[in-house]
**Q** 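Please read through the structure below; I'll follow up with questions.
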Amino acid sequence: MDVTTILKKYPKRRDSVIEILHEIQNHDPQNYLSEESLKKVATHINLPLAQIYGIVGYYSMLSLNPRKKFVIQVCKSPICGMLGSQSIYDAVKVKISARPDSANLFTIEKVECLGQCNQSPCMMINKEIYGNLTPQKIESIIEEIVISEQNAQK
Amino acid sequence: MIQEKRIALRNSGLINPESIDEYIQCGGYQAFAKALTMSPSDISEIIIDSGLRGRGGAGFPTGTKEKSTAQTCIECLKYIVCNADEGEPGTFKDRIIMETDPHNLIEGMLIAAWSVGASVGYIYVRGEYHLSIERLNIAIKQAEKKGFIGENILNTDFSFTLEVKPGAGSYLCGEELTLIESLEGKRGYPRIKPPFPAQKGLWDHPTLINNVETLANFAPIILYGADWYKSFGTSKSPGTKIFCLSGDVKRPGYYEVDMGITLIDLINEFGGGVNGNSIKSILIGGAAGTFASINHLNLPLDFDSLKEQGLTLGSGAVVVMNETRDLLEMLTSILDFFKHESCGKCIPCRLGTAQILNITERIQEMEPKERESTFINIIQQAEIMAKTSLCPLGQSPILPLKSLWVNFANELINKF
Ligand SMILES: Cc1cc2nc3c(=O)[nH]c(=O)nc-3n(C[C@H](O)[C@H](O)[C@H](O)COP(=O)(O)O)c2cc1C
Ligand code: SF4
Ligand code: FES
């Protein structure tokens, strides 16, 4: 869905801004908010562009940088940290670099508590939660995504 | 064997959360229908009498807040907001309520809205809780169709609209006035208190704001009465509490039990005991929480018993650490969290959270003597920060810091 179509769904009110920004980002092939999109948002809700930037810059789920199709967010908060989130993060990095053909698929980030500490260590890939992780599980989770992407290309 | 007592979670796992009919079959929306036959002030009196205290962390008497919101003005526009931002590390109870029984939350909000005279409601859910948002949206549509939300509800003159609003990854937006700023579509910068939301909240209108778990108790209290509710828990912290157990336990998870259960019973009876040889410490209340030691294992978990010991119940997060865990590392991770979540609006917290993290990261390499003076120094800094910060986030790092020092000074100084 393009930005103009998304904007049409929302009232021209400031308090819709976070929902609007989420939806635009989710529909962007690069999972981010471009200047071009933000200008349209600013016009729609009648706020200066600088203020829209101020909002995007404040909220950690909103990104001004282009990202890959799959955004892997590994929780680094105290509980996941204690139960090995660093080794999960490392395993993700290793796995991705071992599959150079997949480098264009993934962006890795560290985030704060995802509210899933009953299954720490955990991570979120786009909207999907993965819990009770081990480096072995990372191997198969990433592999599965890569293969399904390759199949989709065929 | 101690049993779970499920009030807020009474339907959790037993019904299909996407079916309003199943909720209604379990007695759903009866409490709301009953509430509509009562006067609004009678409802806040029952909630006051039940002794229900806020489950968002502060433990403020819920009925008192309702009454004061109701009385701020008569016949004026009021809002009700549910705080579902749940960002405190170690806490996931609100998510379970929203994912497994969204109608229970909606019914609680309807009752609360009627009692304070609010005609518009918002549920502010943290952006990462995709399933919660999805289920709440389904549930709201169903409730509208059945006529529980809308104009002239159940043939009364009560009208109410309800909407889900997502957050976007800010812990601070869980603080009530910051949440209101965020709902208005702004950066999450806190407002100065007072005025409180009950006087001047969303768009400067009186606003009742409550945590998910708090509201999840409304329907049962209205159906069964204050005395019934008070038969659970302790005299000063009545009812049940959903504890979130995590860390080194065999069965991490959420358990709704009487307030006042002892720490050791929670860990052993429900958590299946420690994962490892022994318990070293228990972090209670999350990052803005406190480190307890094995001397506290027989302490009842309720607002006041913990406070007497310099500890805090907070959101009900209970993180168990076994004998192998490095408490300094845990503290560093907590301080890193606060540094990340500080909004930067005021200098003591913006600089202070970075500074105490920097110093703490260096403690590992210090000699015992230097460690001691360093700890005393960062505690002093955190105390100054607490006194001079604009909002409660800057007042939080002192909690884990001080409790860790009080209970584990020996280990912190001598362990290499
Ligand atoms: C930094 C900070 C974060 C908070 N996060 C939450 C939260 O995620 N959920 C919540 O219910 N209360 C949170 N609170 C507490 C709220 O400010 C407020 O006390 C609560 O929503 C009141 O509801 P209750 O009386 O039902 O507990 C937070 C407070 C602070 C200072
Ligand atoms: S105390 Fe921290 S979080 Fe609160 S206003 Fe100041 S900088 Fe922001
Ligand atoms: S600490 Fe990682 S999900 Fe809570």
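A, B, ... follow the sequence lines: proteins, then strands. Residue 1 opens every chain.
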**Q** Given that the side chain runs from C-beta out, which part of B:L183 has a heavy atom under 4.5 Å from chain A: side chain, backbone, both or neither?
**A** backbone
**Q** Between chain B and each of A:I45, A:I79, A:I129, A:I55, count heavy-atom pairs under 4.5 Å; write down the option with the most.
**A**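 Most pairs with chain B among the choices: A:I79.
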**Q** If the cut-off is 3.5 angstrom, what donor-acceptor pairs do you find between chain B and chain A?
**A**
residue : atom : partner : partner atom : Å
B:R95   : NE   : A:G115  : O            : 2.8
B:R95   : NH2  : A:G115  : O            : 3.2
B:R95   : NH2  : A:Q116  : OE1          : 3.2
B:R95   : NH2  : A:N118  : OD1          : 3.4
B:R126  : NH1  : A:C113  : O            : 3.1
B:R126  : NH2  : A:C113  : O            : 2.9
B:K165  : NZ   : A:D15   : O            : 2.9
B:K165  : NZ   : A:E19   : OE1          : 2.9
B:G167  : O    : A:H22   : NE2          : 2.8
B:A168  : O    : A:S60   : N            : 3.4
B:A168  : O    : A:M61   : N            : 2.9
B:G169  : O    : A:S60   : OG           : 2.6
B:S170  : OG   : A:Y58   : OH           : 3.1
B:S182  : OG   : A:Y59   : OH           : 2.9
B:G185  : O    : A:R14   : NE           : 3.1
B:K186  : O    : A:Y59   : OH           : 2.6
B:R187  : NH1  : A:G54   : O            : 2.7
B:G188  : O    : A:Y58   : OH           : 2.6
B:R325  : NH1  : A:M82   : O            : 2.9
B:D336  : OD2  : A:K76   : NZ           : 2.8

**Q** Under a 4.5 Å heavy-atom cut-off, does chain B meet the side chain of A:M124, its backbone, both or neither?
**A** side chain
**Q** Only pairs of heavy atoms separated by less than 4.5 Å count here; which of A:L83, A:L114, A:L47 has the most with chain B?
**A** A:L114
**Q** State, to 0.1 Å, how close B:G90 and A:C113 come at their nearest heavy-atom pair, and which atoms those are.
**A** N-SG, 3.8 Å
**Q** Apply side chain to side chain contact (heavy atoms under 4.5 Å, CB included) to B:C346 and list each qualifying residue two or more places apart in sequence or on a separate chain.
**A**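 Per chain and number, B:C346 pairs via side chain to side chain contact (heavy atoms under 4.5 Å, CB included) with B:P348, B:C349, B:S389, B:L390.
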